[in-house]
There are 2 protein chains.
Amino acid sequence: MSLGNTHVPDPASADCRLVGEILSRVGDKWTVLIIMMLGHGPKRFNEIKRGINGISQRMLTLTLRGLERDGIVRRTVTPSIPPRVDYELTDLGKDLLIPVAALGDWAMRHQPCIMAARTRFDAAADADPPQQKRVSSG
Amino acid sequence: MSLGNTHVPDPASADCRLVGEILSRVGDKWTVLIIMMLGHGPKRFNEIKRGINGISQRMLTLTLRGLERDGIVRRTVTPSIPPRVDYELTDLGKDLLIPVAALGDWAMRHQPCIMAARTRFDAAADADPPQQKRVSSG
DNA sequence: CCGAATCCGACTTGATACTG
DNA sequence: CAGTATCAAGTCGGATTCGG
């Protein structure tokens with residue numbers, strides 16, 4: 001796939017690829033919600049699940065494991081009956097909370113702006129069809 | 001979904017849902033790369049494509065359209081032959097560049113840390129299998 | 001040179017049932 | 001309560017092909 005190019009003219013692509021990797025985790029549908037929820041302190045599995053409520057056990061487990069793997073969250077098992085597992089942010093996770101919160105703040109502040117842009121774009125797309133988009137407009 | 005809870009202890013879930021929407025766009029594999037590339041000034045279609053080089057026409061077009069729809073980038077068509085289309089960040093896009101750059105900076109700084117955490121996790125998972133993971137260990 | 005539409009494969013996601 | 005395994009569907013993504 002990458003063969004055929006003998007010169008690699010874009011080293012930025014190589015470095016930014018790693019950034020994109022991390023960003024993909026952040027951009028995950030549930031990751032940020034979990035991180036934000038854990039920002040208030042350690043929580044149990046079902047506690048997180050109830051807090052987000054739209055997530056399935058599978059997705060929660062998967063995301064949590066990925067986060068744990070990346071050193072963002074810490075999993076603490078209490079061998080009791082019933083078993084108890086707490087999740088909390090590591091120092092890395094708490095640090096991540098800063099730029100993520102900044103981005104979240106941006107998103108929240110510009111959310112209506114983006115909504116308006118979408119509406120505008122949608123209206124323009126409907127009024128300015130580059131080709132035959134409307135099969136019955138004549 | 002939110003029915004069943006009479007007290008709604010976490011309105012953040014409802015609001016953060018919107019944030020997650022935006023974050024999904026940011027977390028898109030190509031979005032950030034494009035935004036960063038456009039941060040250096042307006043560029044043509046194939047110019048972006050060559051810069052990223054791992055992206056297909058479809059993905060570039062799709063991402064660009066999504067960004068345009070959200071009011072992040074601006075598409076300028078020059079009706080010449082051959083046709084020329086330039087893409088540039090809007091004010092919103094330039095503003096987005098700030099938190100995104102912060103996150104990118106975080107990712108770049110902690111990338112080795114995350115890599116190490118993954119290695120650690122992987123090693124631990126291999127040494128500490130919670131159940132029968134190895135079907136042929138006897 | 002820009003871009004849209006199509007076909008098809010791969011990964012991701014989700015509901016369920018089972019285990020400890 | 002916490003977590004896993006399985007099955008089916010949806011979406012994403014890439015290569016190709018055609019039009020302006």
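Every chain is numbered from 1 and lettered A, B, ... according to where its sequence line falls, protein lines coming before strand lines. Note that the structure is a prediction, hence the values are computed from the model and not measured.
Distance from the side chain of Gln57(B) is smallest to dA4(C) among dA4(C), dG14(D), dC2(C). Among the nucleotides dA15(C), dC2(C), dG3(D), the one closest to any side-chain atom of Ser56(A) is dA15(C). With dG14(D), dC1(C), dA2(D) as the candidates, the nucleotide lying closest to the side chain of Arg44(A) is dA2(D). Distances from the side chain of Pro82(B) to the nucleotides dT13(C), dC1(D), dC1(C) place dC1(C) closest. Among the nucleotides dA2(D), dC1(C), dG3(D), the one closest to the side chain of Arg75(A) is dG3(D). Distances from the side chain of Thr61(A) to the nucleotides dG3(D), dG3(C), dC2(C) place dG3(D) closest. Distance from the side chain of Phe45(B) is smallest for dG3(C) among the nucleotides dG3(C), dC1(C), dG14(C). Taking the side chain of Val85(B) as heavy atoms from C-beta on, and the options dA2(D), dT13(C), dC2(C), the nearest nucleotide is dC2(C). For Met59(B), counting side-chain heavy atoms from C-beta on, the closest listed nucleotide (dC1(C), dG14(D), dC1(D)) is dG14(D).
Per the geometry, CD1 belonging to Ile81(B) stands 18 Å off P belonging to dG19(D), to the nearest Å. Put simply, CD on Glu68(A) is 13 Å from C1' on dA2(D), counting in whole angstrom units. Taking atom CG of Asn46(A) as the reference point, atom P of dG3(D) lies 9 Å away to the nearest angstrom. Nucleotide dC2(C) holds its P atom 14 Å from the CD1 atom of Ile55(B), rounded to whole Å. In this structure, Asp28(B) atom CG and dT11(D) atom P are separated by 15 Å, rounded to whole Å. If you take CG of Leu33(A) and P of dT13(C), they are 13 Å apart, rounded to a whole angstrom. Distance Leu62(B) CG to dC2(C) P: 17 Å, rounded to the nearest Å. One can place CZ of Arg50(B) at 9 Å from P of dC2(C), the figure rounded to the nearest angstrom.
For Asp70(A) and Arg118(B), the salt-bridge test passes: some basic side-chain N is under 4.0 Å from an acidic carboxylate O.
Between dG14(C) and Lys29(A), a contact under 4.0 Å exists linking OP1 or OP2 to a side-chain N or O. OP1 and OP2 of dG3(D) both lie 4.0 Å or more from every side-chain N or O belonging to Arg65(A). Look at Tyr87(B) and you'll find a side-chain N or O under 4.0 angstrom from OP1 or OP2 of dG3(C).
Nearest heavy atoms, Ile22(A) versus Ile114(B): CD1-CD1, 3.4 Å. Nearest approach of Gln57(B) to Phe45(B), heavy atoms of both residues: O-CZ, 4.1 Å.
Between Ile48(A) and Leu38(A), the closest side-chain pair of non-hydrogen atoms falls below 4.5 Å. At a threshold of 4.5 Å between non-hydrogen side-chain atoms, the residues Leu92(A) and Trp106(B) count as touching.
Not a single donor-acceptor pair, N or O on each side, falls under 3.5 Å between the base of dT16(C) and the side chain of Arg58(A).
Thr31(A) places no side-chain N or O within donor-acceptor distance of the main-chain N or O of Gly27(A), the cut-off being under 3.5 Å.
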